[in-house]
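In what follows, a structure is listed as structure tokens, so that the remarks can point back to it.
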2 protein chains.
Amino acid sequence: MRITYKGDYALKTILALALHYGNGPFTIHDIAKNADMPIKFLEQILLDLKRGNFVESKRGKVGGYLLAKPPSQINLGEVIRFIDGPLEPVACVSSDYKGCKDINKCVFRSIWRKVADLTSGLLDNITFEDLVKKNKNFNSSFVYHI
Amino acid sequence: MRITYKGDYALKTILALALHYGNGPFTIHDIAKNADMPIKFLEQILLDLKRGNFVESKRGKVGGYLLAKPPSQINLGEVIRFIDGPLEPVACVSSDYKGCKDINKCVFRSIWRKVADLTSGLLDNITFEDLVKKNKNFNSSFVYHI
DNA sequence: GTATACTTTACTAATATGATAGAGATTATA
DNA sequence: TATAATCTCTATCATATTAGTAAAGTATAC
């Protein structure tokens with residue numbers, strides 16, 4: 001797994017919306033200001049996140065974006081997988097992989113499986129509610145850059 | 001972290017040399033056959049591994065490659081880092097990173113740090129001696145593909 | 001009806017990835 | 001000493017990914 005800028009922006013976007021949760025729509029412009037993201041790039045990412053059912057949008061004046069579900073129902077792992085792809089470090093770890101002569105004899109595969117499991121175990125168990133709480137300890141609504 | 005073909009080939013190359021350890025040089029041609037790697041690509045990888053002091057070479061007839069140290073002295077993490085770069089999923093996790101306004105306020109950074117620590121903890125503690133033993137249980141000297 | 005805000009599609013520059021090509025240097029041995 | 005086997009070095013290339021930019025369109029509150 002590698003976190004790209006797109007993935008990073010997506011996470012920060014959802015965190016921004018989570019911090020704003022319950023207070024109506026938040027515009028692309030405001031989200032972009034929050035973490036210094038290029039607005040036209042962010043537009044695309046928000047459309048992706050909408051297709052992934054992470055966010056909803058409202059058009060027109062007084063429009064903007066909202067989380068499609070409470071922050072407690074969104075975890076880091078699912079967002080990263082949706083935006084940046086599988087958490088596994090290699091393709092052969094996925095259950096439906098067919099590129100190998102005899103996959104069960106490979107001494108590396110079980111290791112990549114273990115790496116993937118450790119990563120998933122961590123990221124799938126951190127919700128944006130957890131991050132909101134953590135962020136409030138920093139006494140700031142500001143989301144920072146990688 | 002993402003394992004590229006180059007990284008995968010490098011690991012399989014070192015495993016092939018580890019399985020052959022103590023029996024003199026092993027040619028590029030034989031290494032390539034072992035895991036079905038493109039020979040000209042492998043040449044480059046071997047030169048990299050030589051610069052990284054993982055392998056040594058002997059030129060001319062009866063030449064070939066050998067491990068520069070015993071399999072027990074080479075671990076997976078150091079090879080992957082050398083060939084494919086840092087195990088960290090994002091750049092901001094490295095200790096000398098300066099791209100952030102206030103890195104300590106970022107709720108994500110500590111999470112990426114934890115991902116990196118879990119991965120390192122696993123890969124830095126598996127040596128090629130471990131893999132040789134494991135491979136022998138498969139009753140085969142063949143190294144498979146990702 | 002107009003300003004505000006999301007939507008869609010197309011395009012682009014830079015870099016990484018996974019190779020391939022070919023000429024050159026070294027060495028054992030016949 | 002000729003030569004075959006082997007490593008060494010540099011260049012090139014096709015494709016995909018990444019990180020954007022641009023421009024025209026649609027919906028809605030007021």
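The shown structure was predicted, so the numbers you read here are calculated from the model rather than taken from an experiment. In what follows, chains are A, B, ... by sequence order, proteins preceding strands, each numbered from 1.
Here the side chains of B:Asp124 and B:Leu76 are not in contact, with every heavy-atom distance at 4.5 Å or above. Taking 4.5 Å as the limit, some side-chain heavy atom of B:Met1 sits within range of a side-chain heavy atom of A:Val115.
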Audit row: A:Lys134, A:Asp130, salt bridge (charged side-chain N to carboxylate O under 4.0 Å, His left out) steps and yes/no
CA-CA 6 Å; A:Lys134 210 172 159 188; A:Asp130 300 330; over 6 Å; no

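The two atoms that bring B:Ser120 and B:Leu87 nearest to each other are OG-CD1, 3.6 Å, heavy atoms only.
Rounding to the nearest 0.5 Å places CG of A:Leu118 at 8.5 Å from NZ of A:Lys114. One finds the CD1 atom of A:Ile28 at 6.0 Å from the CG atom of A:Leu42 (value rounded to the nearest 0.5 Å).
Residues satisfying the salt bridge (charged side-chain N to carboxylate O under 4.0 Å, His left out) test with A:Lys6, not counting sequence neighbours, are A:Asp48.
Near DNA chain C, meaning a heavy atom under 4.0 Å away, the residues from residues 47-61 of chain B are B:Arg59, B:Gly60, B:Lys61.
Between the CD1 atom of A:Ile83 and the C1' atom of D:dT17 there is a distance of 15 Å, given to the nearest Å. Counting to the nearest Å, the P atom of D:dA19 and the CG atom of A:Asp36 are 15 Å from each other. Summarising the geometry, the separation between CD1 on A:Ile39 and P on D:dA19 is reported as 19 Å, rounded to the nearest angstrom. When rounded to the nearest whole Å, the span between CG of B:Leu46 and C1' of D:dC9 equals 14 Å. Nucleotide D:dT21 holds its P atom 14 Å from the CE atom of A:Met37, rounded to whole Å. If you take NZ of B:Lys40 and P of D:dT10, they are 14 Å apart, rounded to a whole angstrom.
Closest approach to the B:Ile28 side chain among D:dC7, D:dT18, D:dA22 is made by D:dC7 (side chain taken as heavy atoms from C-beta onward).
In terms of position on DNA chain C, the residue among A:Glu43 and B:Glu43 whose nearest nucleotide sits closer to the 5' end is A:Glu43. Each of A:Val62 and A:Pro38 was assigned the nucleotide of DNA chain D with the nearest heavy atom; the assignment lying further toward the 5' end belongs to A:Pro38.
Residue A:Leu47 is tested with A:Gln44, A:Glu43, A:Arg51 for a side-chain contact (heavy atoms from CB on, under 4.5 Å); the sole match is A:Arg51.
With hydrogens and angles ignored, a donor-acceptor pair under 3.5 angstrom links the side chain of A:Gln44 to the base of D:dT21.
Where DNA chain C meets chain B (any atom under 4.0 Å from a heavy atom), the bounding nucleotides read 5' to 3' are C:dT17 to C:dA28.
Residue B:Tyr65 places at least one side-chain N or O closer than 4.0 Å to OP1 or OP2 of D:dT8.
A donor-acceptor pair under 3.5 Å is formed between the side chain of B:Glu78 and the backbone N or O of B:Asn75.
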